[in-house]
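One structure is given below, encoded as structure tokens.
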2 protein chains.
Amino acid sequence: MASADSARPGFQLPLLLLAGFRTLIDDLHAELARQGHPELRPLHGFVLQAVGVDGTTATELGQRLGISKQAAGKTVDRLVAVGYLDRVDDPRDARRKLITMTPHGVDGLRRSAEIFDRLRERWVEALGPERVDALEDDLRAVAAPNWFRLDVPGWFGG
Amino acid sequence: MASADSARPGFQLPLLLLAGFRTLIDDLHAELARQGHPELRPLHGFVLQAVGVDGTTATELGQRLGISKQAAGKTVDRLVAVGYLDRVDDPRDARRKLITMTPHGVDGLRRSAEIFDRLRERWVEALGPERVDALEDDLRAVAAPNWFRLDVPGWFGG
DNA sequence: ACTATTTCGTCAACCACGTTGACTACCTTA
DNA sequence: TAAGGTAGTCAACGTGGTTGACGAAATAGT
């Protein structure tokens, strides 16, 4: 029992999840850099997806990403500085500033999605489609993504 | 095809892995705080595991965690400050400083392992043991944990 | 035995990403 | 029109990383 426990301790589970995530992100990042997006940092793809093709505001972006509006604002600052996002005044509400993607940002997001699809395809080749589906279904069942909501409208995957 | 793609885009995979990781870590953290370890930050459990019961040095800790020795040193600083680690001169090599766990650190590590085991048990209840085993096996197969080596000696899981 | 090289820890500067609290400007509602 | 809520920003801070430089100590090579 001790040996069975030590062979598969609970510590492994979080580490493997983290390793899986980082493997994907590192591969994405390397490929993005190769495709002309070296500025894009690991989380920026998710930020772009959360901004969406319809744009959003800093406060709402923060809610979508599960972070404070200040943190969202700072992230937007960086992505504006490197040319992925635009921030313009909302003509209908002088308090709000609309955050929209530049063409460069749209290109980065599109490429991110393509690369992620290709990486998922690699997993399917290695594990078989049922196992990858099962992995996603199981994670969907047990992982509580309270801290982000990327079920945003405007995502152009379909 | 567009609808099938958008129903299960590659973007979901990394997000689900991250959500799974963060779910575990958040639950661990909440439970650790309840058990008298509110100081322990999310990654500290892994740091303690990487230190191991036999202790190590800052440089080796960095190698085990896949971070620089400077970053490892700073993390050790914080864990020394809150009483989880000790740093003492190595009598056999005046350059080295041995990093060892205090009793409080050992307690935190032991509790972390127990809580992780219990959380894994919850996943088993929700998904069935085969699915959790499959999830771990699959991640082990496709995730490349180049950036950490927690296959360290001295871990007292067994 | 002495020099040259490597290794260990640390310092300093910096960056990314997050937090909370305070504040202004602006809508909205009573 | 006065009161209250909301959007964005500033400032200070914490955490977890990075690189580069450097002194002190060990080790290797004459």
Side-chain angles (χ1 to χ4, degrees), chain A residues 14 18 21-22 25-26 29 32-33 37-48 50-51 55-82 84-100 146-148, chain B residues 18 21-22 25-26 29 33 38-51 55-82 84-100 146-148:
Chain A
L18 184 56
F21 173 74
R22 290 205 40 173
I25 291 296
D26 289 353
H29 204 196
L32 271 181
H37 290 280
E39 322 270 37
L40 236 32
R41 307 260 312 123
L43 300 94
H44 288 172
F46 301 107
V47 176
L48 291 179
V51 170
T56 183
T57 65
T59 296
E60 195 187 341
L61 180 61
Q63 286 166 354
R64 287 181 182 175
L65 296 173
I67 60 179
S68 64
K69 59 180 179 176
Q70 295 94 324
K74 281 205 271 190
T75 302
V76 170
D77 285 345
R78 286 179 214 116
L79 284 171
V80 167
V82 290
Y84 285 81
L85 294 179
D86 261 338
R87 180 155 32 190
V88 297
D89 292 344
D90 185 336
R92 286 165 313 211
D93 187 337
R95 293 169 307 177
R96 289 156 50 97
K97 305 211 174 151
L98 268 332
I99 295 156
T100 55
N146 307 330
W147 43 277
F148 74 84
Chain B
L18 183 55
F21 174 73
R22 290 204 40 173
I25 290 297
D26 289 352
H29 204 198
E39 323 269 36
L40 236 33
R41 307 261 313 125
L43 299 94
H44 288 170
F46 301 106
V47 176
L48 291 178
Q49 197 192 355
V51 169
T56 181
T57 64
T59 296
E60 194 186 341
L61 179 61
Q63 287 167 350
R64 287 180 182 176
L65 295 173
I67 59 179
S68 64
K69 59 180 179 175
Q70 295 94 325
K74 279 203 274 188
T75 300
V76 169
D77 285 344
R78 288 179 210 119
L79 285 170
V80 167
V82 289
Y84 285 81
L85 295 178
D86 261 338
R87 179 154 34 189
V88 297
D89 292 345
D90 184 336
R92 286 167 311 212
D93 186 337
R95 293 169 308 175
R96 290 157 45 99
K97 305 214 172 149
L98 267 332
I99 294 156
T100 55
N146 307 331
W147 43 276
F148 74 84

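Note on naming: letters A, B, ... go to the chains in the order of the sequence lines (proteins, then strands), and numbering restarts at 1 for each one.
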Exercise. Touch check for Thr59(A), heavy atoms < 4.0 angstrom, all strands: base, sugar-phosphate only, or nothing?
Worked result: sugar-phosphate
Can you give me every donor-acceptor pair (side chain of residues 38-47 of chain B, partner residue at least two apart or in another chain, under 3.5 Å) with its distance?
unit_1   : atom_1 : unit_2   : atom_2 : d
His44(B) : ND1    : Arg41(B) : N      : 3.0

Exercise. Of all residues at least two apart in sequence or in a different chain, which pass the salt bridge (Lys or Arg N to Asp or Glu O under 4.0 Å) check with Asp90(A)?
Worked result: Arg92(A), Arg96(A)
For this session: In whole angstrom, give the distance that lies between atom CD of Gln63(B) and atom C1' of dT7(C).
Result: 11 Å
Exercise. With a 4.5 Å heavy-atom cut-off, do Leu85(B) and Thr100(B) have their side chains touching?
Worked result: no
Exercise. What residues in residues 70-79 of chain A put a non-hydrogen atom under 4.0 Å from any atom of DNA chain C?
Worked result: Gln70(A), Ala71(A), Lys74(A), Thr75(A), Arg78(A)
For this session: Calculate the interatomic distance between Leu61(B) atom CG and dT7(C) atom P; express it in whole Å.
Result: 19 Å
Exercise. Whole Å only: how far is the CD1 atom of Ile99(A) from the P atom of dA7(D)?
Worked result: 12 Å
Without placing hydrogens or testing angles, list every side-chain donor-acceptor pair under 3.5 Å for residues 74-82 of chain B, not counting sequence neighbours.
unit_1   : atom_1 : unit_2   : atom_2 : d
Thr75(B) : OG1    : Ala71(B) : O      : 3.1
Asp77(B) : OD1    : Arg87(B) : NH2    : 2.2

Exercise. Looking only at heavy atoms, which two atoms of Ile67(B) and Ala72(B) are closest? And how far apart?
Worked result: CD1-N, 3.8 Å
For this session: Let me know the distance between CG of Asp90(B) and P of dT7(C), rounded to the nearest Å.
Result: 17 Å
Problem set entry | side chain to side chain contact (heavy atoms under 4.5 Å, CB included) partners for Thr56(A), two or more places apart | Val51(A), Glu60(A), Leu61(A), Arg64(A)
Exercise. Rounded to the Å, how far apart are His29(A) NE2 and dG17(D) P?
Worked result: 17 Å
Exercise. Over how many whole Å does the gap from Lys97(B) atom NZ to dA24(D) atom C1' extend?
Worked result: 11 Å
Exercise. Quick one: is His44(A) getting a side-chain N or O under 4.0 Å of the dC17(C) phosphate, OP1 or OP2?
Worked result: yes
Exercise. Picking from dA16(C), dT20(C), dG9(C), which would you name as closest to the side chain of Ser68(A)?
Worked result: dT20(C)
For this session: Kindly say whether, by distance alone, the side chain of Lys69(B) makes a donor-acceptor pair under 3.5 Å with the base of dG9(C)?
Result: yes
For this session: Measure the distance from CG on Leu43(B) to C1' on dT15(D) and round it to the nearest whole Å.
Result: 10 Å
Problem set entry | Closest heavy-atom pair and its distance - Ala58(A), Ile99(A) | N-CD1, 3.4 Å
For this session: Under the side-chain hydrogen bond (donor to acceptor under 3.5 Å, both in side chains) rule, collect the residues that match up with His37(A), sequence neighbours excluded.
Result: Tyr84(A), Asp107(A)
Exercise. Partners of Asp93(B) by side-chain hydrogen bond (donor to acceptor under 3.5 Å, both in side chains), sequence neighbours excluded?
Worked result: Arg95(B)
Exercise. Can a side chain N or O of Arg96(B) be found less than 4.0 Å away from OP1 or OP2 on dA25(D)?
Worked result: no
For this session: Using a 4.0 Å cut-off on protein heavy atoms (strictly under), produce a 5'-to-3' string for nucleotides 24-30 of chain C with B for base contact, S for backbone-only sugar-phosphate contact, and - for none.
Result: --BS---
For this session: Measure from CZ on Arg22(A) to C1' on dG16(D) and round the result to the nearest Å.
Result: 12 Å
